[in-house]
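Heads up: numbering here begins at 1 and tracks the sequence.
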Amino acid sequence: MALYEHVFLARQDLAQAQVDALAEAATKIIEDNQGKVVKTETWGLRNLAYRIAKNRKAHYVMLDIDAPAGAVAELERQTAINEDVIRYMTVRVDEHEGGPSVMMRKSDRDRSERRPRRDDRDEMMGA
């Protein structure tokens with residue numbers, strides 16, 4: 001079977017539970033078609049580079065998939081008709097990335113490198 005990465009963007013007004021339900025539905029579609037979802041990552045609510053269908057933000061979700069092409073075609077068909085999904089993309093890969101994806105590592109790095117708050121800077125300068 002082939003390896004794929006499937007990323008979809010869900011509308012900003014959905015609750016996290018609804019986004020998780022969308023990921024579960026995608027997993028069920030793959031498993032019903034003799035495939036398996038190796039890893040699911042929720043990247044959270046992020047800003048978009050430009051407005052899509054009046055949305056400035058979207059919930060990002062990535063699925064690492066090991067499935068035949070027919071299963072991926074069915075997943076894309078179901079995703080395309082879902083009103084809660086504003087964009088999706090599926091890419092065939094040679095191998096899945098081990099550990100967390102680049103997006104997850106980036107968010108961890110951003111948290112550790114945050115600039116100090118204004119109160120902390122005033123204390124550092126002796127004010």
Side-chain angles (χ1 to χ4, degrees):
M1 287 192 274
L3 303 175
Y4 299 92
E5 287 183 358
H6 177 77
V7 177
F8 67 87
L9 284 69
R11 288 191 343 234
Q12 65 185 1
D13 57 342
L14 296 179
Q16 187 61 45
Q18 292 170 302
V19 175
D20 293 341
L22 286 173
E24 288 296 322
T27 301
K28 183 172 177 359
I29 291 168
I30 293 297
E31 290 173 351
D32 289 348
N33 289 289
Q34 290 77 42
K36 66 178 180 177
V37 176
V38 179
K39 178 172 65 172
T40 303
E41 285 186 358
T42 303
W43 295 341
L45 187 64
R46 305 176 69 82
N47 289 327
L48 297 171
Y50 54 90
R51 290 170 81 186
I52 302 173
K54 299 182 182 177
N55 290 287
R56 292 192 178 276
K57 294 184 176 191
H59 294 274
Y60 285 64
V61 179
M62 184 191 75
L63 306 171
D64 281 348
I65 299 170
D66 183 6
V72 174
E74 177 63 17
L75 174 63
E76 287 185 336
R77 186 185 75 78
Q78 294 280 341
T79 303
I81 61 176
N82 191 331
E83 294 176 354
D84 293 333
V85 177
I86 56 176
R87 286 283 193 277
Y88 68 92
M89 182 173 68
T90 307
V91 178
R92 185 172 179 182
V93 294
D94 293 329
E95 62 183 63
H96 289 303
E97 194 173 324
S101 68
V102 173
M103 292 298 287
M104 295 301 282
R105 290 193 304 261
K106 180 181 181 298
S107 65
D108 291 342
R109 186 181 67 234
D110 288 348
R111 266 189 236 117
S112 65
E113 293 179 356
R114 279 203 181 125
R115 291 179 18 201
R117 292 190 323 249
R118 184 177 192 100
D119 298 343
D120 297 337
R121 286 185 295 197
D122 291 343
E123 289 174 12
M124 287 189 292
M125 293 186 172

Where do [X] and [Y] come nearest, in terms of heavy atoms and distance?
X	Y	answer
H96	Y4	CE1-O, 3.1 Å
Q12	K54	NE2-O, 4.2 Å
V61	A23	CG1-CB, 4.1 Å
G35	A67	CA-CB, 3.7 Å
D84	N82	N-OD1, 2.9 Å

From [X] atom [atom1] to [Y] atom [atom2], the distance as rounded to the nearest 0.5 Å:
X	Y	atom1	atom2	value
K57	R51	NZ	CZ	14.0 Å
R56	L48	CZ	CG	9.5 Å
R46	H59	CZ	NE2	12.5 Å
T79	L22	OG1	CG	8.5 Å
M62	T40	CE	OG1	8.5 Å
I30	L63	CD1	CG	8.0 Å

Does NZ in K39 sit with more than 12 non-hydrogen atoms of other residues, nucleotides or ligands closer than 6.0 Å? yes
Is it the case that more than 12 heavy atoms not belonging to M1 sit under 6.0 Å from its CE atom?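 Yes, CE of M1 has more than 12 neighbouring heavy atoms, counting only those of other groups under 6.0 Å.
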Shared hydrophobic cluster for [X] and [Y] (ILVMFWY, side-chain gaps under 4.5 Å):
X	Y	answer
I86	W43	yes
L3	V7	no
F8	I52	no

Determine whether a donor-acceptor pair (N or O, by modelled atom type, separation under 3.5 Å) exists between the side chain of N33 and the backbone of I29.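 It does hold such a pair.
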Has the side chain of H6 got a donor or acceptor atom that lies under 3.5 Å from a matching backbone atom of I65?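 Answer holds: no.
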Test of understanding: with salt bridge (Lys or Arg N to Asp or Glu O under 4.0 Å), list the residues that count as partners of E5, not counting sequence neighbours. none
Any D32 side-chain heavy atom under 4.5 Å of E74 side chain: no
